[in-house]
Amino acid sequence: MKAAPHFSDKTANSNSLRLAIAGLGTVGCGVIKLLQEQASSLTDRTGKQLVVTAVSARDRTKDRQIDLSSFRWYDNPVELASDETIDCVLELIGGAEGPARDLVEASLKAGKAVITANKALIALHGKELAQLSKTHNAPLYYEASVAGAIPAVKIVREGLAGDIIKTIGGILNGTCNYILTTMEETGQSFEAVLKEAQEKGFAEAEPSTDIDGWDTAHKLAILANIAFKPLQFDSLTVEGIRSITASDLGFARKLGYKVKLLGMARQHQDGSIEAWVRPCLVPEKAKLAQVDNVFNALTWEGNYSGPMTISGRGAGEGPTASAVLADIIDYAQGMRLPLWGRIVEQEETAARSVASLKSAFYVRLLVDDTPGVMADISAVLRDQGISVHLIAQHEFKLEQVYLTVITHPVANSHITDAAARLRELNSVHGAPLIVTIESLC
Ligand code: HSE
């Protein structure tokens, strides 16, 4: 039987679920389209008619190529929370504070289900929102907040619930992955690729949340909270991709690596959790190294299931809207899970400092091409107990060359101390670049 799409509260009845959508950007409009296109199969899956009754957005007059005339319009999204004809609020505004947070909190307090794609909100305020959800018996869904079309939340919270996760993370930001891929392929600078990406609409006009690693950190925090235990968000180490040059990508490639912005979290034997976002060299044969352009990848290792990596589109209308629809179906089918998948609540703890974490490192230095420079650099590395795996010299300009060093595994604190001392050498120009080599992918 083919069900007709229903998009007005005039058609609402006990077999209907009445939805409100706050935020009519790419994802919000995508959700409306998918609800229309899939009306029949959604009714088959849920036994209900899914009815959009109200919408809210900043600009009512904007041409969205969607007929909004049958929806009640709210200028103030927070008022959706007190509309008694609405069962479930879809928060697709974005941002950890302001109207998005106000709407989600007010809706949960009013006992309404909430579906959100807002990673910053969940990562920063998950604890309070989980409490509100529990107190008011109002479910909160957020599948679309992590890695778009990749069902990351479901994989970790439901699919891997019977395993002990040792490592979780991956490539969680398509903008950074696109920029790094394009820099490597074209040899263009970070600034040039970013500008071009902004012109093409692949990068935000205000790109710092993406390129400084915060978007990845929000998604990683959510994954780590589910996989391990709730972490204090401000204890994560977060570094973006601004310091990576096209030359670094070329040098890394010659050494058999690609550079990726990774967000990774690991549980140690003493129960501590490492959780960080930073550019990393990954072996070019690793699965993560094959994931290029705007694609995201989720990688994990379970104690029982072993290592797995999946990749897919992490943003955009179809990928993100389909993840929102999966949450609508869960809600309509009566799926109710605690926010982090654990009934017994745990206190937030700090992620361990990266200072004590050991790995191999890539070090890139611009140095004078004169006798004794190598001896000075070696002395600094020796004094910090850093053993060199290989060293290479790359021509730059008359009397200056780049040196790239791959170290044996060493504590992060030793390499940062060494970098500070290398910077003080007269023969070293500018700050050395230090990049972690992440082999376990
Ligand atoms: N800005 C994100 C990215 C998509 O570039 O991957 C939404 O999380």
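Whatever order the structure lists them in is the order used to number ligands and atoms, beginning at 1. No hydrogens, no waters, no symmetry mates; every other heavy atom, side chains included, goes into these values. Keep in mind it's a predicted model, so treat the numbers as computed, not measured.
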Visitor: On the 0 to 90° scale, with breaks at 30° and 60°, tag the F251-H394 ring pair as parallel, tilted or perpendicular.
Guide: parallel

Visitor: Check V104, L80, I86 against K112 for a side-chain contact (heavy atoms from CB on, under 4.5 Å) and give me the one that passes.
Guide: I86

Visitor: Do the charged groups of R58 and D75 touch, with an N to O distance under 4.0 Å?
Guide: no

Visitor: Quick one: do the E301 and T167 side chains pair a donor with an acceptor below 3.5 Å?
Guide: no

Visitor: Is any side-chain N of the basic residue among K33 and E317 closer than 4.0 Å to the acidic one's carboxylate O?
Guide: yes

Visitor: What does the N/O contact table under 3.5 Å look like for ligand 1?
Guide:
| residue | atom | partner | partner atom | Å |
| --- | --- | --- | --- | --- |
| ligand 1 | 1 (N) | D210 | OD1 | 2.9 |
| ligand 1 | 1 (N) | D210 | OD2 | 3.4 |
| ligand 1 | 5 (O) | N173 | ND2 | 3.4 |
| ligand 1 | 5 (O) | T175 | N | 3.0 |
| ligand 1 | 5 (O) | T175 | OG1 | 2.5 |
| ligand 1 | 6 (O) | G174 | N | 2.7 |
| ligand 1 | 8 (O) | K119 | NZ | 2.5 |
| ligand 1 | 8 (O) | D215 | OD1 | 3.4 |
| ligand 1 | 8 (O) | K219 | NZ | 2.9 |

Visitor: Decide, yes or no, whether a salt bridge links R18 with D83 under the criterion of side-chain N to carboxylate O below 4.0 Å.
Guide: no

